[in-house]
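Single-structure report; data block below.
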Amino acid sequence: MMQMFILEEAARCLLCQNAPCTAACSGGYDPARGIRAIRFDNIEGAGAFFAESCKDCSAPCEDSCIHYDFPIRIRRIARQIPKAGKEAADLSICFCGVRCENPFFLSSSVVASGYEMIARAFDMGWAGAVYKTIGFYKPDEVSPRFDAPRKDGTPFIGFRNMEQISDKSLEENLEIFRRLKKNYPNKILVSSIMGQTDAEWTELARLSEEAGADIIECNFSCPHMSAQGMGSDVGEDLQLVKRYTELAKLGTKLPVLAKMTPNIAHIEIPAKAAIDGGADGIAAINTIKSITTSHESEVCGKTAVSGYSGKAVKPIALRFISELARLGVPLSGMGGIESSADALDFLALGCTNLQVTTAVMQYGYRIIDDLTDGLARHMQAVGAQSVSELVGTELEKLVPADGLDRKTVVYPKFDAERCIGCGRCYISCADGGHGAIRFGDDRKPVLDGKKCVGCHLCRLVCPTGAISSAKRTPKL
């Protein structure tokens with residue numbers, strides 16, 4: 001219950017810029033940073049930003065909180081967070097023959113679309129950036145171009161965008177490459193390219209290498225390009241994927257990635273075509289074709305199919321990553337990464353590089369702090385000496401549906417002390433499960449083992465974590 005309070009209270013935090021709570025701390029501690037660590041699944045690291053004295057001080061941090069409802073209860077959080085030191089680990093990893101200081105890159109998007117932005121991200125600890133796709137084509141963009149479906153007060157569960165490739169001239173973008181590599185020689189710059197003709201694919205790769213790029217990424221997958229023959233239209237055509245990969249390879253000696261579209265049933269098929277064309281690695285997934293319906297996001301009363309990303313797409317991305325892992329080439333994974341826990345899921349399914357956009361758009365470059373700290377703490381916990389030891393560790397668990405055990409069952413187990421009697425488990429089981437829970441006058445749930453099938457819907461909807469798993473047993 002204490003951890004539940006910590007998580008829910010941290011979720012209320014507005015994650016302010018130049019947070020007033022930290023500015024008000026007379027001891028020089030950083031409660032805002034500690035709360036942010038909790039928000040991004042790094043509870044173990046949060047304690048480094050609180051002190052023993054935080055538990056009993058007069059709490060000027062709470063007095064200064066600008067929350068629109070009531071202040072974040074920082075002292076109570078401090079009382080429940082164990083003290084922690086900072087963890088150090090070697091997070092470097094080799095990707096397509098290129099050494100990266102850590103696996104975290106900005107992905108090709110608005111978050112990596114100019115010198116000042118990328119320089120700031122590099123200064124904060126990002127290892128690399130996939131620059132917003134460059135080309136000879138210069139798009140006209142719409143306004144507004146973003147939308148964000150919401151649920152239960154969550155700022156957004158996913159993100160829809162209509163951004164196309166860079167609206168800067170090719171010459172301006174290449175000059176930005178030169179400046180970045182001059183000032184940040186140890187950071188990795190990936191040039192995402194998109195051509196309209198055979199010659200453009202080769203020339204864009206050549207010019208990118210000449211300007212200082214370390215890796216080339218062929219964008220075969222943008223779902224909302226307004227020009228014909230660009231984006232995900234290419235990613236669905238095996239001949240074009242193979243040919244454009246070959247043409248990009250003609251223009252460069254650098255490693256070449258093919259960025260694949262998820263808007264297809266079998267992502268491994270065009271990925272194989274790219275490998276046949278000489279691709280050194282695969283990047284996935286790009287955004288998922290989608291429609292949202294909020295009037296505020298319409299353009300003069302109209303809308304269009306566009307790309308969907310963010311936390312909501314992570315399970316879909318992981319499914320595609322698991323299929324691509326069988327191809328045996330380096331993988332750059334993306335799709336819903338916000339925390340080190342998310343990153344670990346992608347690494348465990350075979351990725352050696354990770355790209356992030358939507359979480360940066362929502363929370364800023366500062367999330368790199370907990371991505372790296374959380375990853376370092378996990379490595380320490382499992383005794384890993386390098387990030388590469390974490391890669392692919394979960395792949396052997398993936399089996400076809402008919403390979404799963406169907407002769408045993410895991411029943412839910414109820415903790416009477418943690419149960420507050422809300423009845424959410426009863427409602428969901430009665431209306432969406434198997435009617436296996438009784439709800440008595442004492443407001444406590446009772447399981448009917450003869451009806452229970454062990455689906456665990458009740459555990460998933462319990463708001464207090466009062467339902468856990470019993471031991472696996474043979475079916476009756």
Side-chain angles (χ1 to χ4, degrees), residues 1-12 39 41 43 148-158 262 265 288 290-293 308 310-323 335-336 338-339 341-342 344-345 348-349 394 396-476:
M1 293 291 280
M2 287 195 299
Q3 187 176 47
M4 189 68 64
F5 167 78
I6 293 170
L7 294 173
E8 291 185 352
E9 196 67 5
R12 292 180 54 240
R39 273 287 281 275
D41 294 334
I43 295 178
R150 300 168 182 264
K151 183 181 186 297
D152 296 342
T154 304
F156 49 80
I157 56 173
I288 298 170
S290 62
I291 294 174
T292 56
T293 56
Y308 194 62
K311 196 76 166 183
V313 312
K314 178 188 163 188
I316 301 169
L318 291 175
R319 168 237 161 167
F320 282 120
I321 290 297
S322 71
E323 293 172 349
E338 290 185 357
S339 69
D342 298 324
L344 287 165
D345 287 341
L349 290 180
E394 294 290 307
E396 64 181 23
K397 292 183 180 180
L398 290 172
V399 298
D402 60 4
L404 296 173
D405 185 315
R406 297 175 183 274
K407 298 185 182 300
T408 59
V409 63
V410 178
Y411 292 109
K413 182 169 63 176
F414 297 86
D415 185 333
E417 291 186 7
R418 299 188 71 173
C419 177
I420 60 174
C422 68
R424 287 287 303 277
C425 58
Y426 166 77
I427 293 169
S428 291
C429 187
D431 297 351
H434 291 78
I437 295 177
R438 299 191 303 275
F439 193 62
D441 293 338
D442 62 353
R443 304 193 64 84
K444 298 296 183 181
V446 178
L447 184 70
D448 184 342
K450 293 182 179 180
K451 293 183 178 180
C452 181
V453 299
C455 71
H456 284 243
L457 175 61
C458 57
R459 177 177 60 82
L460 296 175
V461 301
C462 178
T464 65
I467 304 176
S468 59
S469 300
K471 291 182 179 180
R472 183 173 293 276
T473 59
K475 288 182 177 178
L476 298 175

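Remember, predicted model here, so these are calculated numbers, not experimental data. Index from 1, following the sequence.
Nearest heavy-atom pair, Asp41 versus Ser339, reported as atom, atom and distance to 0.1 Å: OD2-OG, 3.0 Å. Nearest heavy atom pair, residue Pro412 against residue Cys452, reads CD-SG, 3.6 Å. Contact between Cys419 and Pro445 at its shortest, heavy atoms only, is SG-CD, 3.7 Å. For the pair Cys425 and Ile467, the tightest heavy-atom approach, listed with the atom from each and the gap, is CB-CD1, 3.8 Å. Among all heavy-atom pairs drawn from Asp342 and Gly336, the shortest one is OD2-O, 3.6 Å. When all heavy atoms are compared, the tightest approach of Phe320 to Ala265 is CE2-O, 4.3 Å.
Under the 4.5 Å side-chain criterion, counting only non-hydrogen atoms from C-beta, Gln3 is in contact with Ile43. Contact annotation: the side chain of Cys422 approaches that of Pro463 to within less than 4.5 Å [non-hydrogen atoms, C-beta and beyond]. Using a 4.5 Å cut-off on side-chain heavy atoms (C-beta onward), Ile437 and Val446 make no contact. Annotation: side chain of Val409 is in contact with side chain of Thr473 (closest heavy-atom distance under 4.5 Å). Here the side chains of Ser290 and Ile288 are not in contact, with every heavy-atom distance at 4.5 Å or above. Put simply, the side chain of Lys314 reaches to within 4.5 Å of the side chain of Asp345, judged on heavy atoms.
Take Arg459 and apply the side chain to side chain donor-acceptor pair (under 3.5 Å) test, not counting sequence neighbours, and it matches His456.
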- Task: Please lay out, stage by stage, how Leu398 and Leu349 fare under the test side-chain contact (heavy atoms from CB on, under 4.5 Å).
- Result: CA-CA 9 Å; Leu398 290 172; Leu349 290 180; 3.9 Å; yes

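To the nearest 0.5 Å, atom CD1 of residue Ile157 and atom NZ of residue Lys311 are 13.0 Å apart. For the atom pair Thr292 OG1 and Tyr308 OH, the distance stands at 8.5 Å (nearest 0.5 Å). Expressed to the nearest 0.5 Å, how far CZ of Phe414 lies from SG of Cys462 amounts to 8.5 Å. Remark: Ile321 CD1 to Ile316 CD1 distance equals 13.0 Å, nearest 0.5 Å.
Between Arg319 and Glu323 a salt bridge is recorded (basic side-chain N to carboxylate O distance below 4.0 Å).
With hydrogens and angles disregarded, a donor-acceptor distance shorter than 3.5 Å links the side chain of Arg39 to the backbone of Ala10.
Checked by atom type, the side-chain pair Thr464/Arg418 shows no donor-acceptor distance below 3.5 Å.
Note on residues 396-412: pairs passing salt bridge (Lys or Arg N to Asp or Glu O under 4.0 Å), not counting sequence neighbours, are Glu394-Lys397.
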